[in-house]
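Just so we're on the same page: letters track the sequence lines, and every chain starts at 1.
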Protein chains: 2
Amino acid sequence: MFESYHQILKRNRYKVTPQRKAILEVLDNTRGMHFTAEEIYNQVKKTNPQIGIATVYRTLELLVRLEIVYKSSFDEGRHRYEFYEGDRHFHHHFLCNKCGVIIEVEEDYLCQLEGVLEERGFMISNHNLRLYGLCPACHRKEKHPETR
Amino acid sequence: MFESYHQILKRNRYKVTPQRKAILEVLDNTRGMHFTAEEIYNQVKKTNPQIGIATVYRTLELLVRLEIVYKSSFDEGRHRYEFYEGDRHFHHHFLCNKCGVIIEVEEDYLCQLEGVLEERGFMISNHNLRLYGLCPACHRKEKHPETR
DNA sequence: GTAGTTGCAAAACCTTTGCACTAGG
DNA sequence: CCTAGTGCAAAGGTTTTGCAACTAC
């Protein structure tokens with residue numbers, strides 16, 4: 001199941017330790033979530049109670065360097081981590097201003113803008129789009145409030 | 001010159017203090033830049049040497065709440081602040097992977113994507129796009145290296 | 001006059017680092 | 001074995017907070 005991640009670690013001469021396996025397992029079991037280092041630490045502690053948070057940070061940093069994991073900031077004063085699906089058209093994120101849910105958006109639509117910039121001399125290798133507003137559930141509640 | 005910001009403060013029952021004026025002045029004089037709280041603090045200290053960094057943080061937080069200033073994180077472990085131009089189609093940012101320059105991009109091109117999401121029940125109130133790659137200068141150097 | 005604001009220092013938070021110990025290859 | 005990796009605790013960097021003094025209105 002983790003064969004490919006094991007192989008990436010081995011190919012780069014990194015050891016496949018129980019801690020690294022446990023962190024990869026948590027990330028794999030929570031695809032679609034966007035966890036902080038502390039949340040990952042709490043998950044991993046369930047199976048590896050001895051683990052230290054420094055190991056979590058060091059492992060996440062390694063996985064980011066190996067482009068296995070993507071690290072991003074949602075302006076909360078800490079970082080969130082998720083599996084990197086690998087191609088340059090990484091999915092976008094929608095954040096609900098009301099309930100705080102983070103929803104992944106697969107549609108792209110940025111080729112046109114990137115084309116314009118490349119004509120202007122830029123070389124675009126990646127992008128990261130955040131959309132803010134109300135998710136369908138909160139938007140519905142706003143339009144049809146039960147009380148008041 | 002700051003009349004409008006004074007008015008926004010007054011309208012919301014906040015006092016117009018010399019510290020707040022100085023911070024707004026620094027932000028106004030550095031449009032197009034993206035300063036950290038500490039950089040703003042160092043600028044403001046030139047005219048108001050007695051100011052404390054806590055005041056800078058509290059003022060920036062206030063200005064963000066009043067939607068005068070936009071706060072964002074470029075994944076450096078700290079936040080950057082800039083005047084909020086106000087409409088929902090806030091400009092995008094390009095970050096050069098080589099020289100680190102941050103360039104503002106005015107083109108939008110996100111209406112199509114937002115339209116799709118709104119059809120799906122979302123209400124989009126803002127967005128934030130980061131583009132990563134090489135700026136024209138670094139891209140040129142990469143293509144025509146002087147040495148080697 | 002008084003509630004809002006400031007400056008200072010301490011605290012809170014997230015993240016990194018030094019070091020002795022451990023264990024994967 | 002031997003070096004990379006770990007856990008712990010301490011340190012580092014940014015941001016927030018408590019509080020007494022101050023000041024805009």
Salt bridge (charged side-chain N to carboxylate O under 4.0 Å, His left out) filter on R20(B), not counting sequence neighbours, yields none

Not counting sequence neighbours, which residues clear side chain to side chain donor-acceptor pair (under 3.5 Å) with N128(B)? List them please. Y70(B)

Could you state the interatomic distance from CD (E142(B)) to NZ (K98(B)), rounded to the nearest 0.5 Å? 4.5 Å

Between R80(B) and R13(A), which has a closest nucleotide on DNA chain D that is more 5'? R13(A)

Going by side chain to side chain donor-acceptor pair (under 3.5 Å), name the residues that satisfy it together with R140(B), two or more places apart in sequence or in a different chain. none

In chain order, what residues pass the ring-ring contact (aromatic ring centres under 6.0 Å, His included) check against H34(B), with sequence neighbours excluded? H93(B)

Any side-chain to backbone donor/acceptor pair from H79(B) onto K71(B)? Under 3.5 Å, distance only. no

By side chain to side chain donor-acceptor pair (under 3.5 Å), which residues pair with Y41(B), not counting sequence neighbours? none

Could you identify which residues cluster with L95(B), counting Ile, Leu, Val, Met, Phe, Trp and Tyr as linked when any side-chain heavy atoms lie under 4.5 Å apart, either directly or through a chain of such contacts? F74(B), I102(B), Y132(B)

With a 4.5 Å heavy-atom cut-off, do E104(B) and E82(B) have their side chains touching? yes

CG of D75(B) versus C1' of dT15(C): gap in Å, rounded? 14 Å

Is H92(A) reaching over with its side chain to a backbone N or O of V105(A), donor-acceptor style, under 3.5 angstrom? no

List the atom pairs, with distances to 0.1 Å, where a side-chain N or O of residues 44-58 of chain A and a protein N or O form a donor-acceptor pair under 3.5 Å, not counting sequence neighbours.
unit_1	atom_1	unit_2	atom_2	d
T47(A)	OG1	V44(A)	O	3.2

Would you mind reading off the bend of the helix from dG1(C)-dC25(D) to dG25(C)-dC1(D) from its two end axes, five pairs each, to 10 degrees? 40°

For F122(B), ring-ring contact (aromatic ring centres under 6.0 Å, His included) partners two or more places apart: F94(A)

Quick one: how far along DNA chain D does chain B reach, first to last nucleotide 5' to 3', anything under 4.0 Å to a heavy atom? dT14(D) to dC25(D)

Roughly, in whole Å, what's the span from CZ in R78(B) to C1' in dC13(C)? 16 Å

Nucleotide by nucleotide, 5' to 3', does protein get under 4.0 Å of the base (B), only the sugar-phosphate (S), or neither (-) in nucleotides 16-25 of chain C, counting heavy atoms? BBB-----BS

Rounding to 0.5 Å, atoms CG (L131(A)) and CG (L113(B)) come to a distance of 5.5 Å

Let's see if you get this right: which residues in residues 39-50 of chain A place a heavy atom under 4.0 Å from DNA chain C? none

